[in-house]
Amino acid sequence: MFNFFIDASNKNGDSYHISGDNYNHIKNVLRMAVGDEILVSCDSKSDLCQISQIDSDCIIAKIIKENANCTELPVSITLFQGLPKSDKLELIIQKTVELGVSEIVPVEMKNCVVKLDEKKKTNKVTRWQAISESAAKQSKRNVIPKIGNVIPFADMINLIADYDMFLVPYENENGMKATVDALGKIKSGMRIGVLIGPEGGFDDFEINKAVQFGGIPLSLGKRILRTETAAIATVSLLMLYSEMNLGGD
Ligand code: SAH
């Protein structure tokens, strides 16, 4: 079933009025017709709808089952990702959105190889947001995870306190005790932050600051993972743990 993200302003009683790119996609690309069913995601939930009318610039889709497909995790995960080289962040966005991440914020850290100027940053964030939308559609998410602006490490540190739990997978951490302990404390509805270092890993100053401000350093096993593998592994771990223990169906 195809999934479309529609702004709440286009909801009218028990139907959605679909125009613009979504209209073009449904009518001209997918060649759907009156009677066909689609999922419409709006305000963090998805309704099962049936196309009831196709006009010259608008499709009317009538809701036949509200909240038909709840796909969000029982916890919200914000991934703070040390800015990696080339198009690695695109892979990280695509995969972690599929796995259920709520938000991704790229972070400039000491050992980052890339340095983006302001104009490049704005263009990149627009592109990254489009990748998030396409992954959200593909994996039938109820929301499109937001890709935040690139922030410096010094700003990120002050955000740690906003989270119920803040995990810092650290390449020099030994043993799985901290990982098991942290997972055991996760409760439904928690806001969990995760900070992953860039290819060059954490600078000593950064890991110390992150811990001082409340981050929990933990291991992802005995092997050193690439930054993109570490991000995907951490979100997978949180996805599976929360769905298995906190009311996934
Ligand atoms: N250059 C570093 C590795 C950096 S890996 C070195 O050679 O030691 C990039 C990031 O992935 C790390 O900063 C950390 O956040 C995460 N990471 C990779 N392997 C990990 C592991 N085994 N445990 C926890 N975090 C890990």
Side-chain angles (χ1 to χ4, degrees), residues 73 75-116 124 128 131 145 147-186 190-242:
L73 294 182
V75 293
S76 97
I77 306 169
T78 299
L79 172 64
F80 291 90
Q81 172 66 49
L83 195 61
K85 277 193 276 190
S86 62
D87 51 9
K88 276 186 185 174
L89 192 60
E90 299 187 4
L91 177 84
I92 294 171
I93 291 168
Q94 186 191 60
K95 299 307 171 203
T96 58
V97 167
E98 287 172 39
L99 292 165
V101 83
S102 299
E103 187 180 5
I104 300 170
V105 183
V107 183
E108 286 172 318
M109 296 173 61
K110 177 137 184 287
N111 293 330
C112 288
V113 181
V114 275
K115 298 271 177 281
L116 299 175
K124 286 268 188 193
W128 292 331
I131 291 170
I147 313 299
N149 289 325
V150 182
I151 58 170
F153 180 82
D155 290 0
M156 192 233 74
I157 278 297
N158 293 315
L159 300 176
I160 294 181
D162 295 349
Y163 292 86
D164 299 312
M165 178 182 281
F166 198 93
L167 306 178
V168 188
Y170 178 43
E171 58 273 25
N172 294 336
E173 185 72 17
N174 290 318
M176 298 306 284
K177 186 173 183 307
T179 313
V180 174
D181 284 355
L183 287 176
K185 291 191 184 122
I186 295 177
M190 265 191 176
R191 297 189 68 218
I192 303 175
V194 174
L195 170 64
I196 302 286
E199 287 93 342
F202 284 93
D203 178 72
D204 285 351
F205 168 83
E206 290 171 335
I207 188 67
N208 291 337
K209 269 277 176 232
V211 173
Q212 186 192 330
F213 278 71
I216 303 168
L218 51 81
S219 169
L220 297 173
K222 292 176 181 163
R223 295 140 301 275
I224 296 288
L225 309 176
R226 287 181 187 257
T227 183
E228 63 273 31
T229 316
I232 295 166
T234 309
V235 180
S236 305
L237 182 69
L238 295 172
M239 180 275 282
L240 283 172
Y241 183 89
S242 63

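Note that ligands are numbered from 1 as they come in the structure, with each ligand's atoms numbered from 1 the same way. Not measured: the values here are computed from a predicted model.
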**Student:** Taking atom 19 (N) of ligand 1 as the point of reference, which of L225, T234, L220, N174 owns the nearest heavy atom?
**Tutor:** L225
**Student:** For L218, counting its heavy atoms only, list the atoms of ligand 1 lying under 4.0 Å from any of them.
**Tutor:** 24 (C)
**Student:** Could you tell me whether P169 approaches ligand 1 through its side chain, its backbone, both or neither, with non-hydrogen atoms closer than 4.0 Å?
**Tutor:** both
**Student:** Just to check, does G82 reach to within less than 4.0 Å of ligand 1 when the distance is taken from its heavy atoms?
**Tutor:** no
**Student:** Between F80 and F166, what is the ring plane arrangement, given parallel below 30°, perpendicular above 60°, and tilted in between?
**Tutor:** tilted
**Student:** Classify the contact between K222 and ligand 1 as side chain, backbone, both or neither, using a heavy-atom distance cut-off of under 4.0 Å.
**Tutor:** neither
**Student:** Could a heavy atom of E171 be found less than 4.0 Å from some atom of ligand 1?
**Tutor:** yes
**Student:** Please write down residue, atom name and distance for the protein heavy atom closest to atom 11 (O) of ligand 1.
**Tutor:** A230 CB, 3.3 Å
**Student:** Numbering the atoms of ligand 1 from 1, which are under 4.0 Å from a heavy atom of I196?
**Tutor:** 11 (O), 15 (O)
**Student:** Identify the closest protein heavy atom to atom 10 (C) of ligand 1: which residue and atom is it, and at what distance?
**Tutor:** G197 O, 3.4 Å
**Student:** Can you find an N/O atom of L195 closer than 3.5 Å to an N/O atom of ligand 1?
**Tutor:** no
**Student:** Can you tell me the protein heavy atom closest to atom 3 (C) of ligand 1 and the distance?
**Tutor:** I224 CG2, 3.7 Å
**Student:** Tell me the contacting part of E199 for ligand 1: side chain, backbone, both, or neither, using a 4.0 Å heavy-atom threshold, strictly below.
**Tutor:** backbone
**Student:** Looking only at protein heavy atoms, which one is nearest to atom 22 (N) of ligand 1, and what is the separation?
**Tutor:** R223 O, 2.7 Å
**Student:** Can you tell me how far apart CD1 (I207) and CG (D204) are? Round to the nearest 0.5 Å.
**Tutor:** 9.0 Å
**Student:** Could you tell me, atom by atom, which parts of ligand 1 come under 4.0 Å of a heavy atom of F202?
**Tutor:** 13 (O), 15 (O)
